[in-house]
Amino acid sequence: MGHAHAIAGALGQLVAMKGVNDASVYSLEHGLFSTVASEELGTVRNAAAIVEQIFSSAHSIGMAHNEISFEFDDRLIAAFEISDAVLVLLSTERRVNLPMVSLGVKGVAGTIRELLASQGFE
Amino acid sequence: MWRSAFFGLSRQTSLWCVRGQYVALLVGLVSTMTKRRKIIIVGPVGAGKTTAIKSVTDDSCIVTDVKTSDVSNLRKELTTVAMDFGIVPISEHEVLHVYGAPGQDRFSFMWDILSIGAFGVVLLIDNCANYPKRHLHAFVSAFDKQIKETRFILGVTRTDLKAEPELEDYAKWLGELGINADVACVDPREKDDVLFLLNQLLSLRAGHTQEPLFAQPNIGEVAVEDGDEFVDDDDSRFDDAAINAAVNLNGVGGVCLTNGLGQLVYSTINNESLNRIIAFVSGLSQTIEEAGGLGPVRSVTLKSPGDDSLTVLMNSGGRALGLSSERGLAAPLQWDQVEELRQWVMHTQ
């Protein structure tokens, strides 16, 4: 439970960035942690599955792409692969400062990786 | 006296008229004796059309070059915007009026104008181009009427820099298009090479491209060869316009287009893996829309710590324009450019 709070804290740091509305961490092994409303969790899971598929395909042909953003009419969905099969997904304003957001994700990536690897989520 | 003067005047006037007719007749005779034939040289940007006309006329020609402002700026500084024109004396009584057509699709209105009254068509294809077969198909299609009704010869340039495809390949591709025509290597910088092409063209009969072919497989089909991941697409004019606009973006190294099935229809991106990722992402666009429930996807951007960034711009027809750009390109700058291009693409379907 303490780890879940810790991850929620990391997600809070991400949401604190200007233009970021929601943040999620998804891992096939560890499940989904998210700030989105419960009725939208299915959508986040679907998005995560697609992102996984794209990254896996890219890696399978030797490409190292690990950041992706989908632009919709009113928002952006950005996803970052912070380690094998661990994704950070963000729902942001459409014109968000993506380099800043990317740096913010890198800043908390270590914490998230450690938390997921720790005993509470094994 | 009065009557005499009248006749005198009348006679003198007649005489002047006769003289005038005589002069006119002489001009007509000279004109008739010197055959003038109109030949148009066509082909994609950078194939060597202007160079060919310059060399065959010893630089005594008219060119309408301006500074390049599109995809071709990667390869040449100047490009033809209206036409090139030169007169080539073939014999004492025969001259060729050689017109070079601009290569970009956006100047295609000039193709129709220049084609009027043409004796024959010379198509130049750059063997170093990424996809010369597509160029061949595009220009044979664009000049189909002239090729079938007049005379046609294909000149392949830059074979000294790239040996493949070979001339036999071009002959086979022409055969697939139902065109029976000679194919020759040509260095457009060499006057003799260009003269050879023109003389060959002069020796042909009108409509020769439709004469029976002796051994051409798949006549009438435009088949995609095994292992060729590029598929034919009817909307090539849209393709060219989008590509020409996209390649102008700062930092963009290559562009590609995919169809509604996520199949690559054109690409200037040399890295095959990047092409495949773009095609894959564009093919997933429908799935993304359904899974996200957020409406249509406008664009997808992929970034990598080591590889080029990729941006895939979707349009409502399911087609997508992919851009490969420098990793370090400032995001806001790229974003503005991409947004402008996206809007342009959306309105140019």
Side-chain angles (χ1 to χ4, degrees), chain A residues 19 21-22 24 26 36-37 39-83 89-103 105-106 109, chain B residues 229 262 269 271-316 320 322-325 327-336 338-339 341-343 346:
Chain A
N21 298 323
D22 281 301
S24 308
Y26 174 81
V36 304
E39 60 268 25
E40 293 181 16
L41 288 177
T43 300
V44 178
R45 284 197 181 87
N46 289 340
I50 290 171
V51 169
E52 281 248 65
Q53 192 180 359
I54 292 172
F55 284 155
S56 296
S57 301
H59 299 340
S60 72
I61 54 175
M63 295 285 99
H65 291 84
N66 59 3
E67 295 184 20
I68 191 168
S69 56
F70 302 94
E71 181 196 8
F72 296 90
D73 284 343
D74 61 347
R75 76 183 76 182
L76 201 75
I77 301 295
F80 305 82
E81 188 182 50
I82 61 171
S83 68
L89 297 107
L90 306 176
S91 174
T92 75
E93 304 294 329
R94 199 163 71 82
R95 296 299 297 264
V96 73
N97 182 345
L98 263 183
M100 177 201 75
V101 170
S102 176
L103 193 60
V105 170
K106 287 185 175 75
Chain B
E229 72 265 43
I269 299 171
N271 185 324
E272 210 48 50
S273 295
L274 296 180
N275 281 324
R276 290 170 67 182
I277 294 175
I278 290 172
F280 183 68
V281 169
S282 75
L284 274 180
S285 62
Q286 186 71 32
T287 309
I288 295 167
E289 289 178 22
E290 290 170 2
L294 301 172
V297 181
R298 294 159 61 106
S299 68
V300 179
T301 301
L302 275 151
K303 288 192 174 291
S304 159
D307 302 309
D308 281 353
S309 297
L310 301 175
T311 302
V312 186
L313 306 175
M314 312 291 186
N315 77 11
S316 56
L323 313 176
S324 167
S325 55
R327 188 163 47 92
L329 189 64
L333 176 63
Q334 187 186 33
W335 199 315
D336 287 341
V338 166
E339 174 64 15
L341 178 64
R342 194 197 63 75
Q343 291 181 9
M346 291 291 287

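Computed from heavy atoms alone, side chains included, the values below leave out hydrogens, waters and symmetry copies. By convention in this document, chain letters (A, B, ...) are assigned in the order of the sequence lines, proteins followed by strands, and residues within each chain are numbered from 1.
Scanning all heavy atoms of the two residues, the minimum distance from B:Pro305 to A:Asn66 falls at CD-OD1, 3.6 Å. The shortest non-hydrogen separation linking B:Ile277 to A:Ala58 is CD1-CB, 3.8 Å. Across every non-hydrogen atom of B:Leu302 and A:Phe55, the tightest pair is CD2-CE2, 3.9 Å. A:Ala64 and B:Asp307 get closest at one heavy-atom pair: N-OD2, 2.9 Å. The minimum heavy-atom distance between A:Phe72 and B:Ile288, with the atom names listed, is CZ-CG2, 4.2 Å.
Interface residue B:Val281: only side-chain heavy atoms are found under 4.5 Å from chain A. With a 4.5 Å cut-off on non-hydrogen atoms, A:Glu40 does not touch chain B at all. With a threshold of 4.5 angstrom between heavy atoms, A:Phe80 does not approach chain B through any atom at all. Both the backbone and the side chain of A:Ser69 come within contact range of chain B, each with at least one heavy atom under 4.5 Å from a heavy atom of that chain.
Of the listed residues (A:Ser102, A:Ser57, A:Ala78, A:Ala79), the greatest number of heavy-atom pairs within a distance under 4.5 Å of chain B belongs to A:Ser57. Put simply, of B:Thr287, B:Leu284, B:Val297, the one with the most heavy-atom pairs under 4.5 Å next to chain A is B:Val297. Top candidate by heavy-atom pairs under 4.5 Å with chain B, chosen from A:Arg45, A:His65, A:Glu67, A:Arg75, is A:His65.
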Practice problem: Quick one: do B:Arg298 and A:Arg94 satisfy side-chain contact (heavy atoms from CB on, under 4.5 Å)? Show the steps, please. | Solution: CA-CA 11 Å; B:Arg298 294 159 61 106; A:Arg94 199 163 71 82; 3.2 Å; yes
Exercise. Tell me, with the steps shown, if B:Asn271 and A:Met63 meet side-chain contact (heavy atoms from CB on, under 4.5 Å).
Key: CA-CA 10 Å; B:Asn271 185 324; A:Met63 295 285 99; 4.0 Å; yes
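With a 4.5 Å cut-off on side-chain heavy atoms, B:Thr301 and A:Leu98 do not count as touching.
In this structure, B:Ser299 contributes its side chain and A:Glu71 its backbone to no donor-acceptor pair below 3.5 Å.
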